[in-house]
Amino acid sequence: MEEQEKRITRVEQDEKKASIYWIYIEGSEEPELSVHEDILVKYRLLKGARIEPKLMARIAEENARYRAYAAAVFYAGFKMRTTKEMTSYLKRKEFEEEDIRHAIERLQQERVIDDRDYARMFASQRLRGSQKGRRLIRMELEQRGIPKETAGRAVEALDDEEERRTALKAGEKKWRSLKGDERDKRMKLTGFLLRRGFSSDLVRETVRHIQGAAGGEDDADGGWLDN
């Protein structure tokens, strides 16, 4: 025998979260559902409306997924997020694994999160704004949960000339602050640029250019650079 419809006796807005509403059903002093306002409107959960138990269960399931999705959209509103970052955020918010999965899939379909776009934009920004080379940028992308192949493609797409200009700009600034004789300064600058993620070939080229512009002697064999 199917359970009978029951009447909604009261709808109350949550005191702390204005987007959440509590639904009271006849025969119970405690609320039977808490739903997001969008779910409330979708199903017209108003006082006096009648609702079947099966529908209540479906609404509860949909509401859980929607709340995870809404939380994710809010988090994505501050800046671009990777899939890993978004998943970690929703786990911290204690959403269920299945609700997180549905939220992530929807966000990917809507291009709210897109690891390929994120990787391209991140790589470009890091090269220009943070003066970092391909190797370090790729490492940072992978640390943010970007797949290795996606991270690799993003850094490969960076402009070679722009990376040279970035290495030169970073190197010239560092050179002016270095102390010691020519060899010491050359070694220190080399280490600095390698740590910034530039390739050994680009570091060699950059150091020679800066040293030459400063009137120093060129180290023709380049033996000071550890490949």
Side-chain angles (χ1 to χ4, degrees), residues 72 75-92 104 107-108 110-227:
Y75 187 56
F78 296 97
K79 66 176 184 178
M80 290 186 70
R81 308 288 182 180
T82 66
T83 300
K84 180 181 178 180
E85 288 173 334
M86 185 62 73
T87 301
S88 297
Y89 171 77
L90 294 176
K91 285 182 178 179
R92 292 197 302 272
I104 294 296
L107 291 168
Q108 289 173 335
E110 297 172 348
R111 299 285 301 276
V112 175
I113 54 176
D114 187 315
D115 285 351
R116 288 175 296 182
D117 283 350
Y118 180 99
R120 286 192 293 266
M121 293 183 66
F122 181 92
S124 179
Q125 187 278 328
R126 275 293 193 266
L127 180 61
R128 297 173 183 174
S130 300
Q131 296 183 353
K132 295 179 179 180
R134 281 182 165 92
R135 289 179 177 176
L136 185 54
I137 293 171
R138 180 170 184 166
M139 183 185 302
E140 290 181 340
L141 282 169
E142 291 178 9
Q143 289 172 345
R144 284 164 171 76
I146 299 297
K148 290 185 177 181
E149 183 178 352
T150 302
R153 288 178 179 175
V155 298
E156 287 170 7
L158 292 171
D159 184 74
D160 291 339
E161 287 303 317
E162 185 171 14
E163 188 179 20
R164 286 191 178 90
R165 291 193 297 270
T166 297
L168 183 59
K169 183 178 180 180
E172 287 174 337
K173 181 179 180 180
K174 185 65 176 178
W175 181 264
R176 292 192 292 270
S177 69
L178 294 175
K179 307 297 182 183
D181 59 25
E182 285 292 310
R183 179 175 176 79
D184 286 339
K185 292 173 68 175
R186 187 170 65 236
M187 294 294 289
K188 290 175 182 177
L189 181 59
T190 297
F192 168 77
L193 291 173
L194 287 173
R195 290 191 298 274
R196 298 298 288 183
F198 298 104
S199 70
S200 56
D201 286 343
L202 180 54
V203 170
R204 180 187 292 108
E205 174 188 326
T206 302
V207 172
R208 283 176 171 170
H209 181 92
I210 292 173
Q211 186 179 9
E217 295 182 3
D218 184 24
D219 187 349
D221 64 10
W224 43 269
L225 179 57
D226 182 6
N227 290 313

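Judged as a ring pair (Phe, Tyr, Trp, His ring centres under 6.0 Å), and not counting sequence neighbours, Phe192 has no contacts. Under the side-chain contact (heavy atoms from CB on, under 4.5 Å) criterion, Lys173 pairs with Arg176, not counting sequence neighbours. Residues forming a side-chain hydrogen bond (donor to acceptor under 3.5 Å, both in side chains) with Asp117 (at least two apart in sequence, or on another chain): Arg111, Arg120. With sequence neighbours left out, the side-chain hydrogen bond (donor to acceptor under 3.5 Å, both in side chains) criterion links Asp181 to no other residue. Residues forming a side-chain hydrogen bond (donor to acceptor under 3.5 Å, both in side chains) with Tyr118 (at least two apart in sequence, or on another chain): none.
A pairwise comparison of heavy atoms in Gly171 and Leu189 identifies O-CD1, 3.6 Å as the closest pair. Of all non-hydrogen atoms in Leu193 and Ala167, the two that sit nearest each other are CD2-O, 3.8 Å. Closest heavy-atom contact between Ala72 and Leu107: CB-CD1, 3.3 Å. The minimum heavy-atom distance between Lys179 and Asp184, with the atom names listed, is O-CB, 4.5 Å. Minimum heavy-atom separation, Val155 to Ile137: CG1-CG2, 3.8 Å. Between Met86 and Ile104 the shortest heavy-atom distance is CG-CD1, 3.5 Å.
Between Ile210 and Leu168, some side-chain heavy-atom pair lies under the 4.5 Å cut-off. Contact check for Arg134 versus Asp160: side-chain heavy atoms found under the 4.5 Å cut-off. Side chains of Lys91 and Thr87 form a contact here, defined as non-hydrogen atoms less than 4.5 Å apart. Contact annotation: the side chain of Arg204 approaches that of Asp201 to within less than 4.5 Å [non-hydrogen atoms, C-beta and beyond]. With a 4.5 Å cut-off on side-chain heavy atoms, Leu158 and Glu163 do not count as touching.
In this structure, the separation between NZ on Lys169 and CD on Glu162 is 10.5 Å, given to the nearest 0.5 Å. Summarising the geometry, atom OG1 belonging to Thr166 is positioned 6.5 Å from atom CD belonging to Gln131; distances are rounded to the nearest 0.5 Å. Considering OG1 of Thr82 and OH of Tyr89, their distance stands at 14.5 Å, rounded to 0.5 Å. Distance CZ/Arg196 to CG/Leu202: 13.5 Å, rounded to 0.5 Å.
With hydrogens and angles left out, the side-chain atoms of Arg81 and Tyr75 include a donor and acceptor closer than 3.5 Å.
The neighbour count for Met80 CE, taken as heavy atoms of other residues, nucleotides or ligands under 6.0 Å away, is above 12.
Ser177 places a side-chain N or O within donor-acceptor distance of the main-chain N or O of Lys174, the cut-off being under 3.5 Å.
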Under 3.5 Å, which donor-acceptor pairs do the side chains of residues 140-149 form with other protein atoms, sequence neighbours left out?
unit_1	atom_1	unit_2	atom_2	d
Glu140	OE1	Arg126	NE	2.9
Glu140	OE2	Lys132	NZ	2.6
Glu142	OE2	Arg138	NE	3.3
Arg144	NH1	Glu140	O	3.3
Glu149	OE2	Arg153	NH2	2.6

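Glu161 and Arg164 are joined by a salt bridge, as a carboxylate oxygen and a charged side-chain nitrogen come within less than 4.0 angstrom of each other.
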